[in-house]
Trainee: 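Okay, here's the structure, questions in a sec.
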Amino acid sequence: MTIRRLLCCFGGARGETVFDALLERFPRLPLALSVSKHDPSAAALRDRAAKADVPVLVWRDVIAGPDALDAHQVDAMAMVGWRYLVPPWLLDALPRRVLVAHDSLLPKYRGFAPLATALIQGDPEVGVTVFLAEPEVDTGDVIAQHRTRVGAHHAIGDLMTRVIPLYVEGVCEGVRGLVAGNLVATPQDDSQATYSLWRDEEDYFLDWTESAERLERTVRALGPPLGGARARVAGQVVQIEAVTVEPDLPFEVRQVGKVWRIAEGGEPVVVCGTGLLRITRLTGPEGSLLPWKTLRVRFS
């Protein structure tokens with residue numbers, strides 16, 4: 001099909017990289033860019049667009065109605081790191097021409113923060129799915145799906161970096177199909193769908209009733225560039241930056257969150273729902289709290 005203009009609704013490092021790839025791989029494809037004013041990457045994306053002579057369109061102007069869409073000559077869209085809702089009329093106006101990239105292996109983890117959820121759940125692999133937008137969240141037909149392995153010590157920042165090339169390949173595959181007019185999309189198996197909720201400040205606090213293994217994964221899942229795993233102890237909020245799992249002990253009465261012992265180096269060992277968690281990096285407002293010296297305290 002002939003595309004008058006593909007609107008790139010992009011954000012973040014992944015959006016920057018995908019935009020660069022589209023400019024390089026589709027030099028004759030008319031592009032426009034839309035960014036969120038709240039996105040820290042907006043300035044960098046605008047600079048890229050200016051150097052490539054790509055117009056930057058204001059999202060609210062584009063979605064003012066079908067006439068506005070036509071006036072901007074937009075007849076296809078690709079969305080990477082995009083957080084604005086797509087009005088239903090737009091999907092009717094651009095049937096099977098709105099591509100969305102999502103960092104999960106759909107239909108698994110429809111919704112929010114799927115990478116963190118996958119890491120917490122102990123998934124052996126993560127990935128990126130490019131699909132056709134529908135009114136429901138992350139339900140559209142799948143165009144491309146690419147995956148990468150999760151290592152035993154990978155943290156959330158590692159996975160965010162590892163999936164960027166998957167975004168590039170998936171979006172370029174979808175755009176190639178749009179341009180050639182031979183886009184192939186496969187319906188998702190809704191019976192296999194799972195969902196991932198958005199996260200807020202309370203979700204950074206560890207739940208000590210969980211297993212030590214799951215808590216160790218959670219610490220890795222909530223680290224930089226996210227806000228970091230937290231706990232309340234001795235009247236203050238602390239940041240738990242690194243932990244290791246230790247063998248469990250058969251406590252007659254299991255009281256989670258209590259410090260069982262202080263290991264060498266002053267590292268507290270905390271009782272979990274199952275297993276013990278040794279905290280190897282612990283910080284407060286003034287910096288490191290190690291070596292830890294108080295045995296009779298509870299992390300909550």
Side-chain angles (χ1 to χ4, degrees), residues 1-23 26 29-104 106 110-114 128-141 143 160 164 167-168 170-172 174-175 178-179 183 185 196-200 225:
M1 63 174 289
T2 300
I3 296 178
R4 290 185 298 168
R5 181 174 284 164
L6 173 72
L7 179 61
C8 302
C9 304
F10 288 173
R14 50 194 169 175
E16 294 178 46
T17 307
V18 173
F19 190 55
D20 289 341
L22 291 178
L23 290 171
F26 302 92
L29 178 63
L31 300 178
L33 175 69
S34 191
V35 296
S36 167
K37 63 181 179 180
H38 304 296
D39 186 347
S41 68
L45 279 162
R46 288 178 181 274
D47 288 344
R48 282 170 161 79
K51 291 176 182 177
D53 199 26
V54 170
V56 178
L57 305 181
V58 177
W59 175 246
R60 65 175 178 272
D61 292 343
V62 175
I63 63 169
D67 290 342
L69 198 67
D70 188 60
H72 288 98
Q73 297 187 316
V74 171
D75 46 21
M77 293 184 181
M79 298 181 169
V80 176
W82 195 245
R83 299 187 178 185
Y84 291 130
L85 292 175
V86 178
W89 69 261
L90 191 147
L91 300 179
D92 293 334
L94 301 177
R96 300 180 73 80
R97 283 177 283 162
V98 180
L99 311 183
V100 180
H102 183 67
D103 47 355
S104 85
L106 291 174
R110 292 173 177 172
F112 307 87
V128 171
T129 303
V130 176
F131 62 96
L132 294 169
E134 288 186 350
E136 297 299 320
V137 176
D138 301 334
T139 59
D141 294 353
I143 298 165
M160 287 179 174
I164 287 177
Y167 274 97
V168 170
V171 173
C172 286
V175 170
L178 279 178
V179 171
L183 191 67
S196 181
L197 284 167
W198 52 270
R199 308 187 72 83
D200 61 16

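All residue numbers refer to positions in the sequence shown, counting from 1.
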Trainee: State, to 0.1 Å, how close W82 and S36 come at their nearest heavy-atom pair, and which atoms those are.
Mentor: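 Between these two residues, the closest heavy atoms are CZ3-N, 3.9 Å.
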Trainee: For the residue pair I164 and A13, what are the closest heavy atoms and their distance?
Mentor: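 So the two residues come closest at CD1-CB, 4.2 Å.
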Trainee: Please tell me if the side chains of I3 and F26 come closer than 4.5 Å, counting only heavy atoms from C-beta onward.
Mentor: no
Trainee: Give me the atom names and distance for the closest heavy-atom approach of P114 to S104.
Mentor: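 Nearest pair, atom of P114 first, then S104: CB-CB, 3.6 Å.
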Trainee: G174 and L183: which non-hydrogen atoms are nearest, and at how many Å?
Mentor: O-CD1, 3.5 Å
Trainee: With sequence neighbours excluded, what pairs up with R110 under the side chain to side chain donor-acceptor pair (under 3.5 Å) test?
Mentor: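 Listed in chain order: Q188, D190, Y195.
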Trainee: Please collect all side chain to side chain donor-acceptor pair (under 3.5 Å) contacts where either partner lies in residues 54-66, sequence neighbours excluded, each pair once.
Mentor: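 Sorted pair list comes back empty.
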Trainee: Just jot down the side chain to side chain donor-acceptor pair (under 3.5 Å) partners of T17, sequence neighbours excluded, or say none.
Mentor: none
Trainee: Who are the salt bridge (Lys or Arg N to Asp or Glu O under 4.0 Å) partners of D103, not counting sequence neighbours?
Mentor: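 In terms of salt bridge (Lys or Arg N to Asp or Glu O under 4.0 Å), with neighbours along the sequence ignored, D103 is linked to R14.
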Trainee: At their closest point, which heavy atom of V62 faces which heavy atom of M77, and how far apart are they?
Mentor: CG1-CE, 4.0 Å
Trainee: Answer yes or no: is there an ion pair linking D39 with R83, defined by an N-O contact shorter than 4.0 Å?
Mentor: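 Result for this pair is no, no salt bridge flagged.
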Trainee: Side chains of P30 and Q73: does their closest heavy-atom pair fall under 4.5 Å?
Mentor: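 Side chain of P30 against side chain of Q73, heavy atoms only: no contact under 4.5 Å found.
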Trainee: Tell me which donor-acceptor pairs under 3.5 Å the side chains of residues 85-95 have, and how far apart each pair is, sequence neighbours excluded?
Mentor:
none

Trainee: Looking at side-chain heavy atoms only, is the closest gap between F19 and V54 below 4.5 Å?
Mentor: yes
Trainee: Counting distance only, does the side-chain N/O of R97 pair as donor-acceptor with the main-chain N or O of D75 below 3.5 Å?
Mentor: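 It does hold such a pair.
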Trainee: When you compare the side chain of L33 with that of L57, does any pair of heavy atoms fall below 4.5 Å?
Mentor: no
Trainee: Treating S34 as the side-chain partner and V58 as the backbone partner, does any N or O pair qualify as donor plus acceptor under 3.5 Å?
Mentor: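 Pair absent, no side-chain N/O of S34 close to backbone of V58.
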Trainee: Got a second to check how far H102's NE2 is from F112's CZ, nearest 0.5 Å?
Mentor: 9.5 Å
Trainee: Indicate yes or no for a side-chain donor-acceptor contact from T129 to the backbone of L106 under 3.5 Å, with no hydrogens or angles considered.
Mentor: yes
Trainee: Within a strict 4.5 Å, meaning less than it, do heavy atoms of the L31 and L23 side chains meet?
Mentor: yes
Trainee: Rounded to the nearest 0.5 Å, what's the gap from CD1 on I143 to CG on L178? Could you check?
Mentor: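 With rounding to 0.5 Å, CD1 (I143) is 6.5 Å from CG (L178).
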Trainee: When you compare the side chain of V100 with that of E134, does any pair of heavy atoms fall below 4.5 Å?
Mentor: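 They are not in contact (no side-chain heavy atoms under 4.5 Å apart), so the answer is no.
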Trainee: Please examine the side chains of L132 and L99, heavy atoms only from C-beta on, and report whether any two atoms are closer than 4.5 Å.
Mentor: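 The answer is yes, as the side chains (C-beta and beyond) meet within the 4.5 Å cut-off.
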Trainee: For residues 44-54, which residue pairs pass the salt bridge (charged side-chain N to carboxylate O under 4.0 Å, His left out) check, not counting sequence neighbours?
Mentor: E16-R48, D20-R48
Trainee: To check you understand the geometry: which heavy-atom pair defines the closest contact between A101 and V128, and what is its length?
Mentor: CB-CG1, 4.5 Å
